[in-house]
Amino acid sequence: MKRFENQVAIVTGAARGIGFGIARRLGSEGAAVAMLDMDTEQLASAESELSGAGIETLSVAADVTERAAVEGAVAAVLERFGRAGVLVTCAGMTGQTNLNTHEVDPADFDRVMDLNVRGMFLCIRAVLPHMLKEGYGRIVNIASISGKDGNAGMLAYSTSKAAVIGMTKVIGKEYAGTGITCNAIAPAVVRTAMVDALPEAQVKYMTDKIPMRRTGEIEEIAAVVAFAASPEASFTTGFTFDASGGRAVY
Ligand SMILES: NC(=O)c1ccc[n+]([C@@H]2O[C@H](COP(=O)([O-])OP(=O)(O)OC[C@H]3O[C@@H](n4cnc5c(N)ncnc54)[C@H](O)[C@@H]3O)[C@@H](O)[C@H]2O)c1
(Lines give C-alpha, C1' and ligand atoms only; values in the text may rest on other atoms or scores of the structure.)
Protein backbone atom coordinates (compact mmCIF):
# COMPACT_ATOMS: atom_id res chain seq x y z
CA MET A 1 0.00 0.00 0.00
CA LYS A 2 1.38 3.42 -0.98
CA ARG A 3 -0.04 5.69 1.68
CA PHE A 4 1.60 8.86 0.37
CA GLU A 5 0.76 8.67 -3.34
CA ASN A 6 0.28 12.21 -4.73
CA GLN A 7 1.42 13.74 -1.47
CA VAL A 8 4.29 16.08 -0.71
CA ALA A 9 6.25 15.81 2.53
CA ILE A 10 8.72 18.34 3.89
CA VAL A 11 11.27 16.70 6.19
CA THR A 12 13.71 18.89 8.11
CA GLY A 13 17.09 17.48 9.10
CA ALA A 14 16.73 15.10 6.15
CA ALA A 15 20.40 14.98 5.16
CA ARG A 16 21.28 12.17 7.55
CA GLY A 17 20.23 10.06 10.51
CA ILE A 18 16.59 9.76 11.51
CA GLY A 19 15.44 12.56 9.17
CA PHE A 20 16.99 10.80 6.19
CA GLY A 21 15.33 7.52 7.23
CA ILE A 22 11.96 9.28 7.46
CA ALA A 23 12.43 10.88 4.03
CA ARG A 24 13.29 7.48 2.57
CA ARG A 25 10.30 5.80 4.20
CA LEU A 26 7.76 8.45 3.10
CA GLY A 27 9.29 8.48 -0.38
CA SER A 28 9.15 4.69 -0.64
CA GLU A 29 5.43 4.94 0.12
CA GLY A 30 4.88 7.35 -2.76
CA ALA A 31 5.52 10.85 -1.36
CA ALA A 32 7.47 13.50 -3.19
CA VAL A 33 9.95 14.59 -0.52
CA ALA A 34 11.34 18.06 0.08
CA MET A 35 14.54 17.43 2.00
CA LEU A 36 15.48 20.43 4.11
CA ASP A 37 18.85 20.69 5.85
CA MET A 38 21.65 23.18 6.43
CA ASP A 39 24.45 20.70 5.64
CA THR A 40 24.54 21.23 1.89
CA GLU A 41 27.18 18.61 1.13
CA GLN A 42 25.44 15.84 3.06
CA LEU A 43 22.10 16.99 1.65
CA ALA A 44 23.35 16.60 -1.92
CA SER A 45 24.44 13.02 -1.37
CA ALA A 46 21.25 12.16 0.56
CA GLU A 47 19.11 13.60 -2.19
CA SER A 48 20.95 11.76 -4.93
CA GLU A 49 20.56 8.49 -2.99
CA LEU A 50 16.79 8.91 -2.78
CA SER A 51 16.32 10.17 -6.31
CA GLY A 52 18.46 7.22 -7.45
CA ALA A 53 15.92 4.99 -5.72
CA GLY A 54 13.16 6.51 -7.84
CA ILE A 55 11.82 8.94 -5.23
CA GLU A 56 10.82 12.41 -6.39
CA THR A 57 12.88 14.82 -4.31
CA LEU A 58 13.69 18.47 -3.87
CA SER A 59 16.65 19.46 -1.76
CA VAL A 60 16.27 22.72 0.10
CA ALA A 61 19.30 24.15 1.85
CA ALA A 62 18.13 26.17 4.84
CA ASP A 63 18.94 26.83 8.46
CA VAL A 64 15.70 26.26 10.35
CA THR A 65 16.64 28.82 12.99
CA GLU A 66 16.43 31.61 10.39
CA ARG A 67 12.91 32.80 9.79
CA ALA A 68 13.53 34.18 6.29
CA ALA A 69 15.30 31.00 5.21
CA VAL A 70 12.46 28.83 6.49
CA GLU A 71 9.80 30.94 4.78
CA GLY A 72 11.83 30.92 1.56
CA ALA A 73 12.21 27.14 1.77
CA VAL A 74 8.48 26.57 2.18
CA ALA A 75 7.77 28.96 -0.71
CA ALA A 76 10.22 26.98 -2.88
CA VAL A 77 8.44 23.72 -2.04
CA LEU A 78 5.04 25.19 -2.87
CA GLU A 79 6.37 26.65 -6.10
CA ARG A 80 7.76 23.29 -7.19
CA PHE A 81 4.98 20.97 -6.05
CA GLY A 82 1.97 23.23 -5.41
CA ARG A 83 1.31 21.57 -2.07
CA ALA A 84 2.81 20.35 1.18
CA GLY A 85 0.42 18.22 3.20
CA VAL A 86 3.03 16.62 5.46
CA LEU A 87 5.67 18.32 7.60
CA VAL A 88 8.10 16.30 9.70
CA THR A 89 10.30 18.48 11.91
CA CYS A 90 13.39 16.43 12.67
CA ALA A 91 16.32 18.88 12.66
CA GLY A 92 17.75 18.94 16.16
CA MET A 93 20.85 18.81 18.33
CA THR A 94 21.79 17.66 21.82
CA GLY A 95 24.19 20.45 22.74
CA GLN A 96 26.61 19.69 25.58
CA THR A 97 25.81 16.61 27.64
CA ASN A 98 27.13 14.66 30.63
CA LEU A 99 27.02 17.87 32.69
CA ASN A 100 24.97 18.82 35.71
CA THR A 101 22.79 21.90 35.52
CA HIS A 102 25.17 24.25 37.34
CA GLU A 103 27.83 23.40 34.74
CA VAL A 104 25.66 24.12 31.69
CA ASP A 105 26.85 26.99 29.51
CA PRO A 106 23.91 29.39 29.00
CA ALA A 107 25.04 30.01 25.42
CA ASP A 108 24.82 26.28 24.70
CA PHE A 109 21.35 26.21 26.30
CA ASP A 110 20.29 29.03 23.96
CA ARG A 111 21.60 27.22 20.86
CA VAL A 112 19.72 24.05 21.72
CA MET A 113 16.46 25.87 22.42
CA ASP A 114 16.88 27.98 19.27
CA LEU A 115 17.12 24.92 17.04
CA ASN A 116 14.98 22.32 18.80
CA VAL A 117 12.13 24.61 19.82
CA ARG A 118 12.16 27.92 17.94
CA GLY A 119 13.35 26.33 14.67
CA MET A 120 10.54 23.79 14.89
CA PHE A 121 8.01 26.53 15.58
CA LEU A 122 9.24 28.55 12.58
CA CYS A 123 8.82 25.59 10.24
CA ILE A 124 5.33 24.78 11.50
CA ARG A 125 4.32 28.44 11.38
CA ALA A 126 5.45 28.74 7.77
CA VAL A 127 3.53 25.67 6.58
CA LEU A 128 0.26 26.14 8.50
CA PRO A 129 -1.33 28.81 6.24
CA HIS A 130 -1.01 26.46 3.28
CA MET A 131 -2.42 23.50 5.22
CA LEU A 132 -5.33 25.66 6.41
CA LYS A 133 -6.10 26.62 2.82
CA GLU A 134 -6.09 22.96 1.81
CA GLY A 135 -8.07 21.84 4.86
CA TYR A 136 -5.55 19.04 5.40
CA GLY A 137 -2.22 18.58 7.12
CA ARG A 138 -0.10 16.13 9.06
CA ILE A 139 2.60 17.67 11.27
CA VAL A 140 4.92 15.25 13.04
CA ASN A 141 7.49 16.64 15.47
CA ILE A 142 10.49 14.60 16.57
CA ALA A 143 10.68 14.93 20.34
CA SER A 144 12.58 12.49 22.58
CA ILE A 145 12.04 10.27 25.58
CA SER A 146 14.20 12.81 27.42
CA GLY A 147 11.32 15.28 27.06
CA LYS A 148 9.01 12.93 28.96
CA ASP A 149 11.46 11.51 31.48
CA GLY A 150 14.27 14.07 31.78
CA ASN A 151 17.72 12.63 31.15
CA ALA A 152 20.22 13.60 33.85
CA GLY A 153 23.22 15.27 32.22
CA MET A 154 21.09 16.66 29.38
CA LEU A 155 19.40 19.76 30.81
CA ALA A 156 19.10 21.80 27.62
CA TYR A 157 18.13 18.87 25.43
CA SER A 158 15.55 17.43 27.82
CA THR A 159 14.04 20.87 28.41
CA SER A 160 13.82 21.53 24.68
CA LYS A 161 12.14 18.19 23.98
CA ALA A 162 9.61 18.74 26.79
CA ALA A 163 8.84 22.03 25.05
CA VAL A 164 8.35 20.15 21.77
CA ILE A 165 5.78 17.92 23.47
CA GLY A 166 4.01 21.00 24.89
CA MET A 167 4.06 22.75 21.50
CA THR A 168 2.56 19.66 19.88
CA LYS A 169 -0.32 19.62 22.37
CA VAL A 170 -1.14 23.30 21.74
CA ILE A 171 -1.05 22.99 17.95
CA GLY A 172 -3.08 19.79 18.08
CA LYS A 173 -5.84 21.59 19.98
CA GLU A 174 -5.76 24.84 18.01
CA TYR A 175 -6.22 23.15 14.63
CA ALA A 176 -8.28 20.14 15.71
CA GLY A 177 -11.28 21.19 13.65
CA THR A 178 -9.41 21.95 10.44
CA GLY A 179 -8.22 18.62 9.02
CA ILE A 180 -4.73 19.33 10.35
CA THR A 181 -3.23 17.06 13.00
CA CYS A 182 -0.04 17.64 14.95
CA ASN A 183 1.63 14.79 16.82
CA ALA A 184 5.08 14.04 18.16
CA ILE A 185 7.28 10.96 18.41
CA ALA A 186 9.48 10.35 21.45
CA PRO A 187 12.30 7.97 20.51
CA ALA A 188 14.83 6.53 22.92
CA VAL A 189 18.43 6.07 21.77
CA VAL A 190 19.03 5.42 18.07
CA ARG A 191 22.64 5.02 16.94
CA THR A 192 23.16 7.99 14.62
CA ALA A 193 26.04 10.43 14.18
CA MET A 194 24.39 12.61 16.82
CA VAL A 195 24.56 9.84 19.40
CA ASP A 196 28.01 8.68 18.30
CA ALA A 197 29.27 12.18 19.17
CA LEU A 198 28.06 11.91 22.79
CA PRO A 199 30.25 10.83 25.70
CA GLU A 200 30.03 7.04 26.09
CA ALA A 201 28.87 7.44 29.72
CA GLN A 202 25.86 9.45 28.55
CA VAL A 203 24.95 6.87 25.89
CA LYS A 204 25.24 4.03 28.44
CA TYR A 205 23.01 5.92 30.90
CA MET A 206 20.31 6.25 28.23
CA THR A 207 20.63 2.75 26.80
CA ASP A 208 20.57 1.03 30.22
CA LYS A 209 17.09 2.46 30.79
CA ILE A 210 15.57 0.68 27.76
CA PRO A 211 13.72 -2.50 28.83
CA MET A 212 14.28 -4.11 25.41
CA ARG A 213 18.02 -3.91 26.18
CA ARG A 214 18.87 -2.49 22.77
CA THR A 215 18.88 0.79 20.88
CA GLY A 216 16.22 1.63 18.33
CA GLU A 217 16.66 1.41 14.58
CA ILE A 218 16.07 4.38 12.30
CA GLU A 219 13.51 2.30 10.37
CA GLU A 220 11.55 1.67 13.58
CA ILE A 221 11.23 5.41 14.19
CA ALA A 222 10.37 6.08 10.55
CA ALA A 223 7.58 3.48 10.70
CA VAL A 224 5.87 5.28 13.60
CA VAL A 225 6.31 8.64 11.88
CA ALA A 226 4.82 7.25 8.67
CA PHE A 227 1.67 6.20 10.51
CA ALA A 228 1.30 9.57 12.26
CA ALA A 229 1.89 11.36 8.94
CA SER A 230 -0.61 9.26 7.01
CA PRO A 231 -4.24 10.09 6.19
CA GLU A 232 -5.40 7.13 8.28
CA ALA A 233 -4.07 8.75 11.49
CA SER A 234 -7.15 10.98 11.45
CA PHE A 235 -8.42 10.75 15.05
CA THR A 236 -5.17 11.44 16.90
CA THR A 237 -3.78 14.90 17.51
CA GLY A 238 -1.64 16.61 20.15
CA PHE A 239 -0.31 13.19 21.10
CA THR A 240 3.25 11.98 21.63
CA PHE A 241 3.84 8.47 20.31
CA ASP A 242 6.37 6.34 22.13
CA ALA A 243 9.26 4.65 20.32
CA SER A 244 11.44 3.80 23.27
CA GLY A 245 11.71 0.03 23.57
CA GLY A 246 9.39 0.05 26.57
CA ARG A 247 11.03 2.89 28.49
CA ALA A 248 7.92 5.07 28.41
CA VAL A 249 4.65 3.37 29.14
CA TYR A 250 2.62 6.58 29.28
N1 LIG B 1 19.43 9.64 17.67
C2 LIG B 1 18.72 9.52 18.79
O3 LIG B 1 19.00 8.69 19.68
C4 LIG B 1 17.52 10.38 18.99
C5 LIG B 1 16.63 10.03 20.03
C6 LIG B 1 15.51 10.83 20.25
C7 LIG B 1 15.27 11.93 19.44
N8 LIG B 1 16.15 12.24 18.44
C9 LIG B 1 15.87 13.41 17.62
O10 LIG B 1 15.79 13.05 16.26
C11 LIG B 1 16.23 14.14 15.46
C12 LIG B 1 17.32 13.66 14.51
O13 LIG B 1 18.38 13.12 15.27
P14 LIG B 1 19.59 12.34 14.60
O15 LIG B 1 20.14 11.45 15.63
O16 LIG B 1 19.19 11.81 13.28
O17 LIG B 1 20.62 13.57 14.43
P18 LIG B 1 21.73 13.88 13.32
O19 LIG B 1 22.65 14.84 13.97
O20 LIG B 1 22.28 12.62 12.75
O21 LIG B 1 20.89 14.65 12.18
C22 LIG B 1 20.40 15.93 12.39
C23 LIG B 1 20.26 16.63 11.06
O24 LIG B 1 19.71 17.95 11.31
C25 LIG B 1 20.44 18.89 10.55
N26 LIG B 1 20.42 20.20 11.20
C27 LIG B 1 21.03 20.54 12.36
N28 LIG B 1 20.84 21.85 12.60
C29 LIG B 1 20.09 22.34 11.57
C30 LIG B 1 19.59 23.62 11.27
N31 LIG B 1 19.80 24.68 12.06
N32 LIG B 1 18.87 23.77 10.12
C33 LIG B 1 18.65 22.72 9.30
N34 LIG B 1 19.13 21.49 9.55
C35 LIG B 1 19.83 21.29 10.67
C36 LIG B 1 21.85 18.32 10.50
O37 LIG B 1 22.60 18.88 9.43
C38 LIG B 1 21.59 16.83 10.34
O39 LIG B 1 21.47 16.46 8.98
C40 LIG B 1 16.68 15.24 16.42
O41 LIG B 1 15.63 16.14 16.63
C42 LIG B 1 16.97 14.46 17.70
O43 LIG B 1 16.84 15.26 18.84
C44 LIG B 1 17.26 11.49 18.20
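Counting starts at 1 for both ligands and their atoms, in listed order. Just the heavy atoms: all of them, side chains too, but no hydrogens, waters or symmetry mates, feed the values below. Counting begins at 1 with the first residue of the sequence.
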In the structure I gave you, are the side-chain heavy atoms of D242 and K148 within less than 4.5 Å of one another anywhere? yes
Are V117 and I142 connected, step by step, through hydrophobic side chains (Ile, Leu, Val, Met, Phe, Trp, Tyr) whose heavy atoms are closer than 4.5 Å? no
Separation of R83 CZ from L78 CG (nearest 0.5 Å): 10.5 Å
Which ligand 1 atoms does D63 reach within 4.0 Å, using its non-hydrogen atoms? 30 (C), 31 (N), 32 (N)
Is D39 salt-bridged to R16, cutoff N-O under 4.0 Å? no
Atom indices of ligand 1, in the order listed, that fall short of 4.0 Å to a heavy atom of I18: 1 (N), 4 (C), 10 (O), 16 (O), 44 (C)
Hey, does T65 have a side-chain heavy atom less than 4.5 Å from the side chain of L122? no
Protein heavy atom at shortest distance from atom 5 (C) of ligand 1: A188 O, 3.4 Å
Nearest non-hydrogen atom to atom 22 (C) of ligand 1 belongs to which of G17, G19, G92? G92
Heavy-atom nearest neighbour in the protein, as seen from atom 14 (P) of ligand 1, with distance rounded to 0.1 Å: T192 OG1, 3.6 Å
Nearest candidate to atom 9 (C) of ligand 1, where distance is taken over non-hydrogen atoms, out of I221, I142, D39, T65: I142
Which option out of G119, G21, C90 puts a heavy atom nearest to atom 40 (C) of ligand 1? C90
Looking only at protein heavy atoms, which one is nearest to atom 3 (O) of ligand 1, and how far off is it? V190 N, 2.7 Å
In terms of residue, atom name and distance, what is the protein heavy atom nearest to atom 7 (C) of ligand 1? A143 O, 3.2 Å
4.5 Å side-chain heavy-atom contact, Y157 and S144: yes
Shared ILVMFWY cluster between I210 and Y205, side chains joined below 4.5 angstrom? yes
Within 4.0 Å of some non-hydrogen atom of V189, the atoms of ligand 1 are 3 (O)
Is there a donor-acceptor contact under 3.5 Å linking the side chains of N151 and S158? no
Distance to 0.1 Å, residue and atom name: give those for the protein heavy atom nearest to atom 42 (C) of ligand 1. Y157 OH, 3.4 Å
Heavy-atom contacts with R16 under 4.0 Å: which atoms of ligand 1 show up? List them by number with element. 18 (P), 19 (O), 20 (O), 21 (O), 38 (C), 39 (O)
What I want to find out is whether R67 reaches E71 closely enough, with some N-O distance under 4.0 Å, to be called a salt bridge. yes
Contacting atoms of ligand 1, where contact means under 4.0 angstrom from a heavy atom of G13: 23 (C), 24 (O), 25 (C)
Under 4.0 Å from a heavy atom of A62: give me the atoms of ligand 1 that qualify, with their elements. 32 (N), 33 (C)
Taking NZ, NE, NH1 and NH2 as the nitrogens, is one of them in D114 or R111 under 4.0 Å from a carboxylate oxygen of the other? no
So do the side chains of R125 and V70 get within less than 4.5 Å of each other, counting heavy atoms only? no
A quick test of your reading: do over 12 heavy atoms of other residues, nucleotides or ligands sit less than 6.0 Å from CD of E41? no
Considering only the protein, which heavy-atom contact is closest to atom 13 (O) of ligand 1, and what is its distance? M194 SD, 3.9 Å
When you measure from atom 37 (O) of ligand 1 to each heavy atom in D37, V164, V195, which option holds the nearest one? D37
Nearest-0.5 Å distance that lies between atom OG1 in T89 and atom CD1 in I22: 9.0 Å
A student checking ligand 1 against A15 at a 4.0 Å heavy-atom cut-off should list atoms 39 (O)
Of the listed options M206, M38, M120, K161, closest to atom 35 (C) of ligand 1 (non-hydrogen atoms): M38
Of all the atoms in ligand 1, which lie at a distance below 4.0 Å from a heavy atom belonging to L115? 28 (N), 29 (C), 30 (C), 31 (N)
Could you identify the single nearest non-hydrogen protein atom to atom 32 (N) of ligand 1 and state the distance to 0.1 Å? V64 N, 3.0 Å
Considering only protein heavy atoms, which is closest to atom 6 (C) of ligand 1, and at what distance to one decimal place? P187 O, 3.3 Å
